[in-house]
Structures are given as structure tokens and as C-alpha cells.
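Order of the sequence lines fixes the chain letters, A, B, ..., with proteins taken first and strands second; residue numbering starts at 1 for each chain.
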2 protein chains.
Amino acid sequence: MIPRLQIELPKALSTIVEERLRDAIVNAELSFGQALSEDAVGLSLGVSRTPMREALTRLEQQGLVVIVPKKGTFVFQPTLEDVEQLASFRLLLETSALERCMERAPAETRDDMTSALETMRVAREAGDTKAYARADTVFHESFVNHCGNVHLANAYRTISGRVAALRAHLSVPHSDQQDLSFGEHRSMIEAFENRDLTLLRQLLSQHILRAQAAYADALVEMQR
Amino acid sequence: MIPRLQIELPKALSTIVEERLRDAIVNAELSFGQALSEDAVGLSLGVSRTPMREALTRLEQQGLVVIVPKKGTFVFQPTLEDVEQLASFRLLLETSALERCMERAPAETRDDMTSALETMRVAREAGDTKAYARADTVFHESFVNHCGNVHLANAYRTISGRVAALRAHLSVPHSDQQDLSFGEHRSMIEAFENRDLTLLRQLLSQHILRAQAAYADALVEMQR
DNA sequence: ATCTTGGACACTGTATCCAAGATACAGAGC
DNA sequence: GCTCTGTATCTTGGATACAGTGTCCAAGAT
């Protein structure tokens, strides 16, 4: 018997392109509404249009781009309504996920949340806004991924990309918001450890709604 | 000023293929795990592999098929765990949707639910199991689509396809289950009209969990 | 009888080519 | 100056050709 060897399974070009574009969108390297011509992007990435199309098709299903027939593909453009509805839906999913985590995997969940919080702390002290936003995303995904329901986790992932894009595009560097946000995350971990579901719900709701308000403000500001 | 004319915008081949395959899967014309070779299916539908690939890519994102690199594409194959987790997640989404409907569009929601129930009644009397399953799907989508949150509705749509496939594959014709199911739907409408949220939640939970149990039974039966 | 190995086959992954719709802009007509 | 229209160009939509890889089966060796 041969011990299991690590094989580098060659990723398909289309998935590489998908991940690359996904990163670019959620890390705000591309702006909302920006055109993504299959030709141009394919040329710049050194791939032909076929894997480009496949990547764009998947990104469309994830809501990160919109494909307009015969016109082109564009980075999604959130509306105020989107920001609001995303927050509302996030709240539903994350609340349910936290409840499930508390029942089935409290220790692992707490550990992952704590380590994500630590990453946030480092990023904040380094003044790295993008890294902070990424760690914020990881924090929320950490407990969603422990909830034990793959369909819930999948649904969360599809909206998580857009939420992350909002964070990266609209969060203000070094703001009081960031301090507030950090404190809220820490409080959530505490409440989770104390198994205080009522408080946890309240904190989560407060956290998400405050973030939503900030994004909404930034969005209006951006549109002016 | 010209009155708005209806123009038939020609659907892309890939979307036609997608819808056709989607129908085939959720109406149990294709069995779980069945291979869908791009060549073979493309030939039988009279399209080339390019739109085939695009359609399959989208269906994969919806969880209706799985694409195994270098091997092929196959109709998704639900496990017992899937059935359970789908039910659990459905319950979360539908409960939330019903609450939102009651607040923002009770009249339209009730009308759509009622008309879907009528379709179910007709199908039941005609003994058309597939039509009954389809109407069942429409019933549940009717209130989800009135909940006012597009992201919730989208998430529901992605799991709805798989739930519908379970229904079509695993529901038993003319069974007591069907009578039970019909009655439960009617009771739900009543509770909705009376704005009795507590009862409605209980009915929905009961309805979904009973269906889950039936699908689980049919699935093990099928695997033997 | 069982294990190994070679090769044929089938499938996907990618590139290239052609067709058709959408848009922008320039020029003609008023 | 304004409007309409024709055309040039850019975009996607689809078809086809080719290369790479995994799978299966059968033949040979142990």
C-alpha cells in the first residue's frame, strides 16, 4: 500500500480565470459596472475566449457579474435595495448558522472565529484596509461553514461574494467604523462562548445593520 | 408615441438547452446519476457542444448536475444527508418568506397560493402525479416570490430545483401521502389568512418534515 | 487464477473561425 | 441646428478542429 501522495490536480483554465476575476471583484480591483470584454480580459490573462466565457457564466450565477446579451459582461452594480436586502438575508442565514454551530460544533467554531479575529487585529494595526475586509469575510464564513448544512453554506457563499465586494469597495480606511466593527466581532465571540443566544442574535443584528447603513451611505456618496 | 410592442427576443440556444435539461431533471425524465455526454446530448438536441457546455455549467451552479473533470457530466444524485439538509434549509427559507409575505403582500400571496392549490386539486383528481408535483413546486414558490427579497428568492430557486426533482422522482402516485399533502397546503392557506403565524410555522414544519421522511424512505427503497 | 500493462476509445479542455446583433458616429436631408 | 439614417466596428453566440487525459478491456506474465 502506497501512502496517499499529494497530487497537484491541474485546475482547468476556466476555474483559474473564475477565481482570479472573483478575487479582483471582491477585492475592489475592478469597479462596479466595469465592462469585462471576453476578448480584452482573455488577452490580458493569456487565455482564449472559451474558458473566459465559462468563467463569466459561473460568475454570473454567483451574481458577481451581469451578462447582457450581445452587449457584454459587466461587474455587478449594487443598488440601495440590494444593500438592504443582502443585509436582511445575511442576517437570516448567519443567525441560523450560529444557532446550529452552538449545538453541533461549538469548540471548532469558536476557534475559527477567534483566529479570524486575530487576523483582523493584525490587519487593523497594520492599517491594511483590504486585508481587514478579507478577514472580516473569513470571520463570517468561519461559523457558516461549521453549521453542518451544505446548502445553507452554499447559499451564503453566493451572497458572500457580493457582501465582500461591498466591504472592499465601500469601507472607509481607519475609520471609527472599523473600531466599532472589531469590537462587535469580539463581543459576538464572547456571547457565543457564554452560549447566550439572545445576546448573540442581538449583537449580530446590530453588527449587520450597522454595516449595511455604512455601505448604503458610501454607496450614495459614490453615486454623487 | 408608439405603444409598447411585444417583441419576441430570440433566446440563446444555451438557455433553451438549459431549460430543457432542467425540465427533464426536475420532471424525472432523467434518472439520478445518469450521464449527460456533451456530444450525445448535443447531437440529440441538434446543437453543438458550445451551448451544451454553457448550459451544463449553469446547471452545475444550480446543483442539478455534477461535472467531473475529464469524465463527464451526470445528473445529481441526492444522498440521505442531502434530503435532510435540503428540508432543514427549505424550512428556514420558507418560514422567513411566509413571515415577510404576511407583512408586505398578504393579498397577492394568498391569491397565488390559492390558485396553485386549485391546480393541485385538478391534477390530483386527474391522477396526474407529475402535474401534482409541479403544482406543489409552484405553491411553495408562490409565496417565496412575494417575500420581497430577491436574494432569498434566488437562494430558494437554486434548492427548489433539487427539491422538485426529489418530488418528481420519489413521490408515490395516488398515495395517502398526496391526500395528506393536499390538506396541509389548504391548512396553510387558512392559517395565512387568519394571520396565525404560530400555527402557520407549525404546519409548514410538519409539512416539510413529513415530505422529507417520505423522500428519504423512497430513496432508500430506490437504492436497494 | 491473479496481477500487470499496453492500447484503443471516449470524453473533456481549449483554440480558432464564422455569423449575427448592438452601438456609435458621421453624413444627408429638413 | 436638429433629426433621421446608413454604415463601420465592437460585441457576443455558435460551430468546428485538435490536443490531452482518464477509463476500460483484453492480452500477457507471474
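- Between B:L56 and B:I67 the shortest heavy-atom distance is O-CD1, 3.9 Å.
- What you find for B:I25 and B:H169 is that their closest heavy atoms are O-CE1, 3.5 Å.
- One can place CE of B:M52 at 16 Å from C1' of C:dA10, the figure rounded to the nearest angstrom.
- In this structure, A:K71 atom NZ and D:dT12 atom C1' are separated by 12 Å, rounded to whole Å.
- If you take CZ of A:F74 and P of C:dA22, they are 14 Å apart, rounded to a whole angstrom.
- D:dC10 atom P lies 18 Å from atom CG of A:L36, rounded to whole Å.
- Residues A:D23 and A:E29 approach most closely at O-OE2, 4.3 Å, considering heavy atoms.
- The nearest whole Å value for the distance from the CD1 atom in B:I16 to the P atom in D:dG13 is 13 Å.
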query: How is the base pairing of DNA chain D summarised as a dot-bracket string, given the Watson-Crick and G-U wobble criteria with both distances under 3.5 Å, [ ] for crossing and | for another strand?
result: ||||||||||||||||||||||||||||||
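- At a threshold of 4.0 Å, the pair B:R121-B:E118 counts as salt-bridged, since one of the basic side-chain nitrogens sits closer than that to a carboxylate oxygen.
- A pairwise comparison of heavy atoms in A:A155 and B:F89 identifies CB-CZ, 3.6 Å as the closest pair.
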What N/O pairs connect the protein and nucleotides 13-15 of chain C at under 3.5 Å? Give each pair on its own line.
from: C:dG13; atom 1: OP2; to: B:R53; atom 2: NH1; distance (Å): 3.2
from: C:dG13; atom 1: OP2; to: B:R53; atom 2: NH2; distance (Å): 2.9
from: C:dG13; atom 1: N7; to: B:R49; atom 2: NH2; distance (Å): 3.1
from: C:dG13; atom 1: O6; to: B:R49; atom 2: NH1; distance (Å): 3.1
from: C:dT14; atom 1: OP1; to: A:L13; atom 2: N; distance (Å): 2.5
from: C:dA15; atom 1: OP2; to: A:S48; atom 2: N; distance (Å): 2.8
from: C:dA15; atom 1: OP2; to: A:S48; atom 2: OG; distance (Å): 2.7
from: C:dA15; atom 1: N7; to: A:T50; atom 2: OG1; distance (Å): 2.8

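- Nearest heavy-atom pair across B:F143 and B:M188 is CE2-CE, 4.4 Å.
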query: What do the steps show when you test B:H185 against B:D136 for side-chain contact (heavy atoms from CB on, under 4.5 Å), and what is the final call?
result: CA-CA 9 Å; B:H185 283 100; B:D136 195 335; 3.2 Å; yes
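- B:D128 and B:A131 make their closest contact through OD1-N, 3.0 Å (heavy atoms, listed as atom of the first residue, atom of the second, distance).
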